[in-house]
Amino acid sequence: MAPKRKVAVSKVAKPKPNSKPESKTKAKAPKVAKTSTNGKPIPPPTSHAYKYEGNPDTGINYWLIKSEPVSRIDPKTQQDVKFPLSDLVGKDIEETWDGVRNYEARNNMVVMSKGDIALFYHSNCDTPGIVGEVEISHEAHVDETQFNTKHKSYDSKSTRENPKWWCVDVKFRRRFRRKLSLKELQAKADQLPEFLLLTRGRLSVIPVGYELYTKLVEMECEGDIQDDLDCEIDRALINVK
DNA sequence: GCCAACGTTGGC
DNA sequence: GCCAACGTTGGC
């Protein structure tokens, strides 16, 4: 396979922690959503994901995304937000990861490539932790929910010509042998440098370097196979097909 | 259910 | 551009 482009945008200055993507520190970056020659809006540029290097041999970049595996009714929409990893299993489903309304998380999605891998994290449950992996099956495209007045993620300030929000599609890749709980990850934090899950608790789309990813998979393989991952997923789905 | 952390909004 | 008020996330 030909090496894919690196996530790194080498000349991009390190953004301030709270900086918006439109920050003036990135003089060369394209402005948000100018319309390209083919009429499609261009996604905004991005994030400090450049710090996190992918696999140098395959060009694959690694990420972590969060989802809630337990039923919770969103008070605004009365909709259940529940989305366990098991919802992606077995039907060759692609799920559009839309509704993300945080600039840094969006910026991370914008630099994802098809074929990248994202760890799947269960949050807001008894034992939060990493339970599996999904693959990015479609690179960033405009998040339609921002135009839907009935959707909880509707954004009145966004326009078709100048969309603010972008999303990727994901599909199931594998379940972990066991859950890597947040507690365990915190306890082993010294082995997991630069892991934003531990330092930026509220960021829902997180870049993960290849080295870090490798360490996490090593940790996963240390323990026995576990059934309780906050959802039912067949043990046979541990390995990549 | 509580609340700390932190991102966003809007008045000035 | 500052910063107080507000809203949301997510661990506990």
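Quick note on labels: first sequence line is chain A, next is B, and so on, each numbered from 1. Fair warning: this is a prediction, and the values are worked out from it, not measured in the lab.
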Contact list for residues 150-159 of chain A, test salt bridge (charged side-chain N to carboxylate O under 4.0 Å, His left out), sequence neighbours left out: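 Residue pairs passing salt bridge (charged side-chain N to carboxylate O under 4.0 Å, His left out), neighbours aside: Asp155(A)-Lys164(A).
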Listed by chain and number, what are the salt bridge (charged side-chain N to carboxylate O under 4.0 Å, His left out) partners of Arg178(A), not counting sequence neighbours?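 Glu184(A).
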Sole residue of Phe120(A), Phe172(A), Tyr62(A), Phe176(A) in side-chain contact (heavy atoms from CB on, under 4.5 Å) with Glu133(A):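 Single pass found, and it is Phe176(A).
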Which residues pass the side chain to side chain donor-acceptor pair (under 3.5 Å) test with Lys179(A), not counting sequence neighbours?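 Lys179(A) satisfies side chain to side chain donor-acceptor pair (under 3.5 Å) with Asp230(A) once adjacent residues are dropped.
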Kindly calculate the angle separating the two end axes of the helix from dG1(B)-dC12(C) to dC12(B)-dG1(C), each obtained from five base pairs, and round it to 10 degrees.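 One end's axis against the other's: 10°.
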Per-nt protein contacts along nucleotides 2-12 of chain C (heavy atom under 4.0 Å; B base, S backbone sugar-phosphate only, - none) come out as -----BBBBBS
Do Ser71(A) and Asp80(A) have a side chain donor and acceptor closer than 3.5 Å?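 Yes, Asp80(A) and Ser71(A) have a side-chain donor paired with an acceptor closer than 3.5 Å.
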For the pair His138(A) and His141(A), name the ring-plane relationship: parallel under 30°, tilted 30 to 60°, perpendicular over 60°.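 Aromatic pair His138(A)/His141(A) classed perpendicular.
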Keeping to residues at least two apart or across chains, list the side-chain hydrogen bond (donor to acceptor under 3.5 Å, both in side chains) pairs with something in residues 217-228 of chain A.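 Listed by first then second residue: Arg174(A)-Glu220(A), Asp227(A)-Arg235(A).
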